[in-house]
Amino acid sequence: MTTSIQDGFCRTIGNTPLIRLKHLSEATGCDILGKAEFLNPGGSVKDRAALGLIEDAEARGLLKPGGTVVEGTAGNTGIGLTLVANAKGYKTIIVIPDNQSREKIDLLRAMGAEVRPVPPAPYREEGNYNKVAARLAESLPGAFWANQFDNTANADIHYRTTGPEIWAQTGGEVTHFVAAIGTGGTLNGTSRFLKEKNPAITTVCADPYGASMWSWFTRGDLEIDDGDSIAEGIGQGRVTKNVEGTPVDEAYRVPDRLLIEIVYHLLRDEGLFLGTSCGINVAGAVKAALAAGKGQKVVTILCDGAQRYLSRLFNEDWLRENDLTPQNWSLDRILEETDKIGK
Ligand code: PMP
């Protein structure tokens, strides 16, 4: 993170530090490095996508002064878009499934977005929140639909920023890049950049259960999407435009039990208070390190902080009901269980 004066919110997005995860690095004999995306000004990796989508729309003349940014989103993208839009003088309308938590809706409203809750509907139906957002943008003069899943300005900003930052921060010595997929923007853009720099870099998709990206990258179909996960912001069931063309060498499915033990380990032993997708990503990074042997430099994404998940991830009753009460696994146990995934 740069310490000089930056010109406003938008210019403080990105340039996040790489944090060496001390215990997992020592235990694997590798550098396990987390890109601290939770330090972005809106609190997540999605600030980058929000900036990329909005600045691309400006450049293409789709968003003009006084315009409105419209998006269907339940999470971090809505926060990023709202704050970037505020900083640039646009309005924001967020369409959100009405089964989302009250906190999320309240948070977006507090930040200045107009929030329109709609009944939940699957992607194939016209009532799906993404489709509602698309139609709304079409019907409103001066409105632009951000379309984070299929607008490749999302992956492009990772190609232009996340990839080059990781390359420079590791002095070109990164050996692996690992990320889970929500839209696919992070994994696609970053992997494409790193592979162009050095085709020997191994790129890895870490997938939660209940998604089909593992199936897509290991088997070439979307047939396996069984199970379920508590991870938020990730878990994709279709090949979005931002997933298309992602160079992926390995993919691993990460169980929620491992996610929980890793999130609690990172908090307890590293002082890092991180959200659910970080557990999936770090598990994937450790697995890639174990598979490749000592001496690797494995980079993954620490997507957001845990503040947004207090009512679940740090709620004893909720954890018990979901059979996910942390068991405080030792480092050895974490490594042993991580080694088993993908087998
Ligand atoms: N983690 C969290 C917490 C997220 O909000 C997202 C974005 N939906 C991701 C990971 C995945 O990023 P991407 O959309 O670039 O695949």
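We count ligands from 1, going down the list as the structure has it; atoms in each ligand are counted the same way.
Residue G233 places at least one N or O, backbone or side chain, under 3.5 Å from an N or O of ligand 1. In terms of polar-atom proximity, G184 is counted as a contact of ligand 1, with an N or O under 3.5 Å from an N or O of the ligand. For a threshold of 3.5 Å applied to N or O pairs, the pair formed by T77 and ligand 1 contains no separation below that value. Considering backbone and side-chain N/O of E232, none are found under 3.5 Å from N/O of ligand 1.
Summary of contacts: the protein heavy atom closest to atom 7 (C) of ligand 1 is K46 CD, 3.1 Å. Remark: minimum distance from atom 11 (C) of ligand 1 to any protein heavy atom is reached at G182 N, 3.5 Å. Looking only at protein heavy atoms, the nearest one to atom 5 (O) of ligand 1 is N76 ND2, 2.9 Å.
Short contacts between ligand 1 and G185, defined as distances under 4.0 Å to a heavy atom of the residue, involve ligand atoms 15 (O), 16 (O). Set against the non-hydrogen atoms of I234, the atoms of ligand 1 under 4.0 Å away are 1 (N), 9 (C), 10 (C), 11 (C). In the vicinity of I181, heavy-atom distances shorter than 4.0 Å reach the ligand 1 atoms 16 (O).
Aromatic pair F193/F177: centroids not less than 6.0 angstrom apart.
Only side-chain heavy atoms of Y309 come within less than 4.0 Å of ligand 1; its backbone N, CA, C and O stay farther off. Counting heavy atoms under 4.0 Å from ligand 1, residue D304 touches it through the side chain alone. Within the 4.0 Å heavy-atom criterion, both parts of T186, backbone and side chain, lie near ligand 1.
Here the options are D226, D207, T218, the test is side chain to side chain donor-acceptor pair (under 3.5 Å), and the partner is R253; only D226 passes.
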